[in-house]
Amino acid sequence: KALDYIPGISPDFSLVLIDDASQEGFELLPLVFKGEKAVVSGDERMYSPKNKYTVANFDIYKNKYLVNVPIFLYEMITPSSSLLDVATSLFYQDKVVLTENLRTDPEIFAFVNENFYENSLTALRASNLTVDSSLVDVFVENAVNKDGVNEKEAEFIVNEVLEIIRSSEASGKCKSIGVISLSSEEQSFFILEKLRSVLSADLMNKYKVASGTAKQTQGRERDIVFLTTSITKGQLLPSNMTEALKLSMSRAKETVYLVR
């Protein structure tokens, strides 16, 4: 919608900042030229807009939004191009790679760093000494996925959230809580409804309790995050499970529960 309100490619601002550019499509490229300077940030290993365009609508997007860009840019863009891809190609000499993480507990960060970033990143935060482990693996016996919902995983998470809140109320230490479904929107909605049925609106707000899919929770941080796979034995993993896990692990500041 920004392109509809700010048409053209002449610079109207001193500086333009575009975050999460790896998730946005190439059609936002004109916004880069709306500033005398521009900062385009993103992570090429996170979600991309690769499924946003079809063969039919690709040319429609290009002809609508890229009519004023240089011809060499117009020709280099493909249906899989994100805004970050295009900006990186265009301004490669100005690329800055950030390698430090201050938000995530080192134990959680080490898992992400080793499995998704070839140990190329550095954790700046001190360890969380208030818990035995920042990574908690929970295997739920006899769990079954039906129509995208795994009730036993949901039951464990709801009960654990209740216990965390009870303990926090007693100690006076408030921890924000998030639930992320790695495979289905149905699971995240089911858990949210369960939580709403047992927690007051005041407690939901106090502890910032939220539930959603990996994509829906991008940009949201919580002290404690529950990851629910809702996958049972014999089921195929969703094609985007790796992306979902990578993104979701980085949402937690202190503790991650993997419920499977």
Partners passing side-chain contact (heavy atoms from CB on, under 4.5 Å) against Tyr61 (at least two apart in sequence or in another chain): Phe26, Glu27, Lys52, Tyr53, Asn57, Tyr65
Distance from Ile177 atom CD1 to Glu160 atom CD, nearest 0.5 Å? 9.5 Å
Using modelled atom types only, decide if a donor and an acceptor are shared between the side chain of Arg220 and the backbone of Arg251 within a distance under 3.5 Å. no
Holding to side-chain contact (heavy atoms from CB on, under 4.5 Å), I want the full list of residues that pass it with Asp19, two or more places apart in sequence or in another chain. Ser41
Between Asn205 (side chain) and Lys208 (backbone), is there a donor-acceptor pair under 3.5 Å? no
Those residues that, when tested against Tyr117, pass ring-ring contact (aromatic ring centres under 6.0 Å, His included) (two or more places apart): none
Under the side chain to side chain donor-acceptor pair (under 3.5 Å) test, which residues partner Gln218, sequence neighbours left out? Gln23
Donor-acceptor pair, Ser176 side chain versus Asp223 backbone, under 3.5 Å? yes
Does NZ in Lys194 sit with more than 12 non-hydrogen atoms of other residues, nucleotides or ligands closer than 6.0 Å? no
More than 12 heavy atoms of other groups within 6.0 Å of Glu193 CD: yes
Measuring only between side-chain heavy atoms, which start at C-beta, is Val179 closer than 4.5 Å to Val225? no
What's the spacing between Leu124 CG and Thr104 OG1 if we round to 0.5 Å? 11.0 Å
Does the side chain of Glu36 come under 3.5 Å of the side chain of Ser14 through a donor N or O and an acceptor N or O? no
Going by atom type alone, with no hydrogens or angles, which donor-acceptor pairs under 3.5 Å involve a side-chain atom of residues 86-96 and a protein atom two or more places apart or on another chain?
from, atom 1, to, atom 2, distance (Å)
Thr88, OG1, Leu84, O, 2.8
Ser89, OG, Asp85, O, 3.1

Ser134 and Glu254: side chain donor to acceptor below 3.5 Å: no
Glu75 pairs by side chain to side chain contact (heavy atoms under 4.5 Å, CB included) with which of Thr78, Ile71, Ile77? Ile71
Show me the pairs that pass ring pair (Phe, Tyr, Trp, His ring centres under 6.0 Å) and involve residues 202-226, at least two apart or across chains. Phe226-Tyr257
For the CZ atom of Arg166 and the CD atom of Glu169, what is their distance to the nearest 0.5 Å? 11.0 Å
